[in-house]
Amino acid sequence: MRKNNIILLLLVFVCQSIFAIDIKTVEPEFWWAGMKNPELQVMLYGNNIAKSDVSITAKTAKIKEVVKLESANYIFLYLDLTNAQPEKFNIILQQGKDKKVVPYEIKERKPGSADRVGFNSGDVLYLIMPDRFSNGDPTNDIVAGMREAKVDRNDQYTRHGGDFKGVSNHLDYIQDLGVTAIWFNPVLENDMPDGSYHGYATTDYYKVDRRFGSNQEFVDLVNKIHEKGMKVVMDMIFNHCGSNHFFFTDRPSKDWFNFPDEYVQTSYKTTSQHDPYASAADKKLAVEGWFVETMPDLNQRNPHVAKYLIQNSIWWIEYGGLDGIRQDTHPYADYDMMSRWCKEVTEEYPDFNIVGETWLNNNVAVSFWQKDSKLAAPRNSNLRCVMDFPLMGVMENAFDEETNPWDKGMARIYEYLGQDIVFQNPHELLIFLDNHDTSRFYRNIGQTSNLQRYKQAIAFLLTTRGIPEIYYGTEILMAADKSEGDGFLRRDFPGGWDGDSVNAFNASERTAQQNEAFDYMKKILNWRKGNEAISKGTLKHFAPMNGVYVYERKYNDKSVVVVLNGSENEKTIDLAVYKEILPKNQAKDIISENIINLDNSSLTIKARSVFILEF
Ligand code: CA
């Protein structure tokens with residue numbers, strides 16, 4: 001071949017390489033036939049792809065609309081799957097003679113996929129921060145090419161190496177404790193240069209962070225958790241993404257984000273979402289301001305953003321086999337879009353449950369966010385489960401004060417629960433002593449009374465109305481104060497790393513006090529499982545009298561009566577007061593396993609102790 005021809009050939013080859021249609025990402029990678037919502041958005045991302053003509057080779061899926069936005073690097077392909085059957089086909093992008101073929105698949109759904117039972121008041125959620133629970137695979141601690149390429153267990157704001165394998169290795173421990181569901185703090189990719197361990201700055205909505213494992217390893221973990229009879233709740237974040245997401249570094253359109261021109265921080269005053277007197281400026285700042293500078297605020301009023309997020313959650317439910325979602329910063333996102341999201345998820349999965357992070361400091365504000373709230377009408381959030389943050393504050397103080405009839409100790413609980421009239425469904429409140437963002441309930445001050453406070457709180461949490469959540473490590477008395485910084489609220493579970501000096505997964509290595517706490521919680525948790533008086537029962541309580549708080553949970557002919565002594569002194573109560581909830585003259589105390597005789601006119605209860613009486 002002559003030299004000139006070789007040069008010509010090389011030139012053609014180089015030109016083809018430069019100008020060939022380049023697709024970086026297709027999301028979602030696949031979908032399913034037979035979903036209730038027949039519309040599918042396929043996002044194609046790649047250099048200058050928007051000038052392509054788009055066609056598909058599908059037999060049953062049809063193109064509904066091809067949307068091109070301001071950026072030349074995106075195509076939003078909307079497909080109509082009304083009559084779609086499972087099939088493999090190609091999406092074809094054509095620019096003149098240049099052609100790109102993208103294989104796509106509409107899969108068959110697993111039988112019964114729509115019928116999954118979401119978490120409910122029969123469950124207790126165990127909250128795990130995956131980076132901090134256990135490192136089962138040190139080879140994935142640092143992944144080449146990712147921005148935060150270090151592990152330092154002495155630094156509470158750096159990754160520690162925990163992963164799916166670590167959780168998988170300790171499922172027997174979690175199951176033995178007696179919880180029935182695991183809520184994972186976010187597991188999606190956070191390719192941020194620092195602070196990526198907590199997971200709240202998503203950089204890929206369709207891939208788990210490789211430092212936890214692969215998508216397949218996540219699905220395998222979910223399956224293993226299901227095999228052990230437990231459910232899985234996945235943390236999702238619609239309000240914002242991480243600033244290294246390509247949505248932000250290469251925006252599909254200017255209005256993809258709120259405050260697109262300059263960084264404006266949210267006021268965190270989501271009160272403005274329900275406040276009848278709120279100014280437009282306050283409403284805008286709370287919802288459209290960014291959570292922090294590294295988390296750009298997604299504009300959910302943009303229909304393509306809304307569709308993308310809704311579809312992403314459904315993809316994870318279907319692909320990952322989820323039983324629930326915890327939605328981060330729920331009130332910071334657009335009310336109407338979030339409402340639409342909850343509705344669409346429920347249409348696909350009627351019994352699925354979502355809990356929104358409604359971090360508001362009073363029950364009126366929290367109740368506004370619950371499905372069918374009369375306070376929000378005629379609007380409806382469609383959000384079944386909300387977080388009872390105010391109860392956390394009540395419990396913080398209730399169990400070590402000397403109870404008075406009005407506002408101290410058990411009176412706090414009595415008065416607070418009496419206000420449940422504001423809630424449309426108090427049984428669908430997530431209740432907790434603490435979580436990854438708050439001080440841990442247990443105070444490490446070495447007092448015996450502190451353990452008693454803890455035990456009363458656990459007994460109350462696991463027997464009152466609502467869906468309890470236990471933050472990992474609570475069972476072994478992990479303590480931390482928010483004043484130390486958020487990283488310290490998320491310390492490693494001792495024994496989760498090879499070479500840890502103590503392995504608290506083993507009873508023999510726990511302190512006597514840790515075992516006392518663990519065994520106490522385990523006993524109540526395992527008794528609670530399948531107990532309909534607790535999961536489905538009514539709640540009836542009595543005003544604290546003589547420092548003692550008494551309540552009943554009842555379902556059909558099964559009932560449980562809880563007696564909490566909110567005093568530093570032994571107390572005797574007059575049983576005649578409680579006769580309407582004492583169907584028999586004896587009952588078994590679940591905690592001591594003793595038969596308690598209720599024949600006498602009175603009952604004596606030791607200082608700060610608890611009876612859980614089962615009839
Ligand atoms: Ca690891």
Side-chain angles (χ1 to χ4, degrees), residues 126-175 177 182-225 227-228 230 232-237 242 244 316 319-322 436 471-473 476 478 480 486-506 509:
Y126 187 72
L127 169 58
I128 289 177
M129 180 151 283
D131 182 60
R132 301 294 165 91
F133 189 66
S134 174
N135 188 359
D137 180 6
T139 67
N140 63 17
D141 292 1
I142 294 171
V143 170
M146 293 194 78
R147 291 180 175 87
E148 188 174 11
K150 62 174 178 175
V151 169
D152 182 359
R153 290 183 66 203
N154 295 317
D155 181 347
Q156 295 300 333
Y157 297 93
T158 298
R159 300 191 79 93
H160 290 187
D163 48 37
F164 298 145
K165 185 73 176 22
V167 176
S168 182
N169 288 345
H170 296 104
L171 288 181
D172 287 340
Y173 167 87
I174 297 168
Q175 186 185 34
L177 179 61
I182 298 176
W183 155 21
F184 291 105
N185 285 121
V187 296
L188 296 183
E189 185 197 88
N190 269 236
D191 191 10
M192 301 295 286
D194 47 54
S196 69
Y197 76 96
H198 58 61
Y200 285 97
T202 312
T203 55
D204 190 326
Y205 279 94
Y206 282 93
K207 284 199 179 65
V208 298
D209 199 291
R210 286 172 284 165
R211 292 161 292 195
F212 296 144
S214 64
N215 277 9
Q216 188 56 50
E217 282 174 284
F218 177 68
V219 172
D220 292 344
L221 176 59
V222 172
N223 289 339
K224 197 170 164 187
I225 293 169
E227 281 162 21
K228 293 195 175 291
M230 295 185 284
V232 177
V233 178
M234 187 168 169
D235 215 312
M236 292 191 181
I237 312 123
N244 281 316
W316 278 109
Y319 170 77
L322 308 179
H436 61 288
Y471 186 37
Y472 80 95
I476 54 156
M478 282 172 72
D486 281 357
F488 293 87
L489 308 172
R490 306 152 182 177
R491 284 194 180 95
D492 300 342
F493 191 99
W497 278 251
D498 276 351
D500 279 1
S501 57
V502 172
N503 182 356
F505 289 113
N506 290 338
E509 296 188 43

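Whatever order the structure lists them in is the order used to number ligands and atoms, beginning at 1. A quick note: this is a predicted structure, and the numbers were derived from the prediction, not measured.
Distances from the Ca ion (ligand 1) to the N/O/S atoms of Asp137 are shortest for O. The name of the N, O or S atom in Asp163 nearest to the Ca ion (ligand 1) is OD2. Nearest N/O/S atom of Asp141 with respect to the Ca ion (ligand 1) is recorded as OD1.
Ring-centre distance between Phe505 and Phe493: below the 6.0 Å cut-off. Here the two rings, on Phe133 and Phe164, have centers that are 6.0 Å apart or farther.
Annotation: Asp498, atom CG; neighbour count of heavy atoms from other residues, nucleotides and ligands within 6.0 Å does not exceed 12.
Residues Asn135 and His160 fail the side-chain proximity criterion, which asks for heavy atoms closer than 4.5 Å.
Taking every heavy atom of both residues into account, Gln175 and Lys228 meet most closely at NE2-O, 3.0 Å.
Contact annotation: Gly161 places an N, O or S atom under 3.0 Å from the Ca ion (ligand 1). One of the N, O or S atoms belonging to Asn135 lies under 3.0 Å away from the Ca ion (ligand 1).
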